[in-house]
Protein chains: 2
Amino acid sequence: MVDNNIKLTVDAIIFGYLIQEKELQILLIKRKYEPFKDMWALPGGYVKDDESLEDAVLRETKEETGLIDEPYLDQLYTYGDLNRDPRGRTVSVAYYGLINTKKLTASTDALEAKWFPINDLANLAFDHDKIISDALIRLRNKITYQPIGFELLGDKFTIPQLHSLYQTILGKEFDRRNFIRKFKKFNILEDLNEKETGVPNKPASLFKFNKVKYQEKIEQGFYFEI
Amino acid sequence: MVDNNIKLTVDAIIFGYLIQEKELQILLIKRKYEPFKDMWALPGGYVKDDESLEDAVLRETKEETGLIDEPYLDQLYTYGDLNRDPRGRTVSVAYYGLINTKKLTASTDALEAKWFPINDLANLAFDHDKIISDALIRLRNKITYQPIGFELLGDKFTIPQLHSLYQTILGKEFDRRNFIRKFKKFNILEDLNEKETGVPNKPASLFKFNKVKYQEKIEQGFYFEI
DNA sequence: CCAAAAGTGTTGAAACTACACCCATGG
DNA sequence: CCATGGGTGTAGTTTCAACACTTTTGG
């Protein structure tokens, strides 16, 4: 039909969160080839004819970073400016992902993949700094009205951890009591009747996110909002 | 580099609004060729190598519908499922647009383009019903936190028209006094000190949206929300 | 003068903010 | 017993929701 030479790629902005350090991070790879050789960049690459966009994101991310588990993924935006890739016209569908940081670390060294604190990123290839900035804005918006913050914590977490996560990502303080009260009123956290261990102070209670209950409430017209 | 055969297209969901009838509409075209010949579909088509995605949307929309003025455009989502186009793998970047309905009508007949009420759409080609449904959800969300509803009205409009627009799009009633009070408190409407004409009852005052003032307020941390 | 839609204030309920003390644990 | 962070209630303020009558115009 029409013969165009536009190449289609995907890019992944994978967010991780260090609970102890209260730090939001992004997973980047060091480019092995030109253009932008040796610069840090988002994982990503060409989409194959027979794979969906999400499959392409997952495949490229795993190949390039050694990530094992599958992150929660959401489509961010499609970048199509004329000169964003010096090799020729390239349109990239960006997805952002959230993952519990514990679930990788291991295999990344050989592949030159590395977590970077969001506030201390390397110089990035292509228009990737703009993409990351967009992803961060989206993440900040989305955690206020969708319960996706849990994806960055483990299956079990404490309320103070959740509190810190929100404060870190949104860059502002929430009164502890008001925050807890609001979250508890949603009634989507399940008390596991366990305490955290290994802390030199009063241990906090552990909770998990009850996805089933959340879905039920959504169907009944419930809206989550922080 | 990698040799893939993925075709890149754009699709446009152009929304219009009939003030008198209080009806939200979408601009569709009748397909001239297979596949889905003679079915109604969203305007759209292949992206050229040397045009941006937005330019492609505008070009295709104008060519296929005879639309003269340029609609307000926002990227919606990118659709990339494997079998969405029977001709082969096609990824489509969808944009939704808002336009003052008065600004076309004329030249559409020859081209077989037509406005359809959102609640009474034809059977649609491809996955276009899903795309429209997504666009409508996005529009409903967006008008609650961005002042884009004005794009559907003329430069001059009355508060009751704005009130009806919100009620129509969101499918629910707003108390008239509370709605007006809220909007007035935002202080982004400029009273033109004119009255509407040709109505058989008390004429309403005309206003315009003060974009400059809105931008100023945004920079000062103001958030619009209905 | 009549019909139709515009315009305008107040009150009670609900949600939000700010704030301080005691408790459980490890060292 | 000390340091550290966890856990909890209340009161004042602000925002939100509900509600009805008078005004202006064209016919």
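Throughout, protein chains are lettered first and strands after them, A, B, ... in sequence-line order, and every chain is numbered starting at 1. Values reported hereafter were calculated over all heavy atoms of this structure, with side chains retained and with hydrogens, waters and symmetry mates removed.
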Exercise for review: Grab the CZ-P distance between F157(B) and dA6(C) for me, whole Å please.
Suggested key: 15 Å

Point to revise | F174(A) CZ - dC16(C) P separation (whole Å) | key: 12 Å

Practice item. Using the six-membered ring wherever Trp is involved, compare the ring planes of F224(A) and F183(A) and label them parallel, tilted or perpendicular (cut-offs 30° and 60°). Key: perpendicular

Study note, to complete from the structure: Among the nucleotides dG7(C), dG9(C), dG7(D), whichever has the atom closest to the side chain of A204(B) is dG7(C)

**Study point:** Residues E196(B) and K156(B) bridged, charged N to O under 4.0 Å
**Key:** no

Exercise for review: Could you tell me the separation between the CD1 atom of I226(A) and the C1' atom of dC16(C), rounded to a whole number of Å?
Suggested key: 13 Å

Check your understanding: So does S205(A) get a side-chain nitrogen or oxygen closer than 4.0 Å to the phosphate oxygens (OP1/OP2) of dG7(D)?
Key -> yes

Exercise for review: Identify which nucleotide among dT25(C), dC16(C), dG9(C) has an atom closest to any side-chain atom of K182(A), counting heavy atoms from C-beta outward.
Suggested key: dC16(C)

**Study point:** Nearest listed nucleotide, side chain of N201(B), among dA4(C), dA6(C), dT8(D)
**Key:** dA4(C)

Revision key, fill the gap. note: I19(A), atom CD1; dG5(D), atom C1'; distance rounded to Å ~ 16 Å

Point to revise | Base dG9(C) to side chain R181(B), donor-acceptor N/O within 3.5 Å cut-off | key: yes

Exercise for review: Please work out if K185(B) contacts a base, only the sugar-phosphate, or nothing of the nucleic acid, heavy-atom cut-off 4.0 Å.
Suggested key: nothing

Check your understanding: Is R176(B) side chain donor-acceptor paired with the dA5(C) base, going by distance under 3.5 Å alone?
Key -> no

Study note, to complete from the structure: Result for 5'-nearest mapping on DNA chain D, choosing between K195(B) and E196(A), is E196(A)

Review point. Taking NZ from K172(B) and C1' from dA17(D), how many angstroms apart are they, rounded to a whole number?
Key: 12 Å

Review point. Between E70(A) and K62(A), is there a side-chain N and carboxylate O pair less than 4.0 Å apart?
Key: yes

Practice item. Give the rounded distance in Å between these two atoms: CG of D191(A) and P of dG6(D). Key: 15 Å

Practice item. Please report, rounded to the nearest Å, how far the C1' atom of dT15(D) is from the CD atom of E225(B). Key: 13 Å

Check your understanding: Which nucleotide sits closest to the side chain of P203(A): dA18(C), dT25(C), dT10(C)?
Key -> dT25(C)

Practice item. Choose from dG9(D), dG26(C), dA17(D) the nucleotide whose nearest atom is closest to any side-chain atom of N178(B). Key: dA17(D)

Exercise for review: Report the distance from atom CZ of R177(B) to atom C1' of dT8(C), rounded to the nearest whole Å.
Suggested key: 8 Å

Practice item. Run the numbers on Y79(A) and D134(A) for side chain to side chain donor-acceptor pair (under 3.5 Å), then give the verdict. Key: CA-CA 11 Å; Y79(A) 296 85; D134(A) 289 350; 2.6 Å; yes

Review point. Step by step, would you call L136(B) with F15(B) a side chain to side chain contact (heavy atoms under 4.5 Å, CB included)?
Key: CA-CA 9 Å; L136(B) 189 55; F15(B) 288 104; 4.2 Å; yes

Study note, to complete from the structure: Of the candidates dC19(C), dT8(C), dT25(C), the side chain of D175(A) sits closest to dC19(C)

Revision key, fill the gap. Checking dT8(D), dA18(C), dT8(C) against the side chain of I180(B) (C-beta onward), the nearest is dT8(C)

Exercise for review: Please check the phosphate of dG26(C) (OP1 and OP2 only) for any side-chain N or O of K202(A) closer than 4.0 Å.
Suggested key: no

Point to revise | Check: V10(A) main-chain N/O paired with E60(A) side-chain donor or acceptor under 3.5 Å | key: no

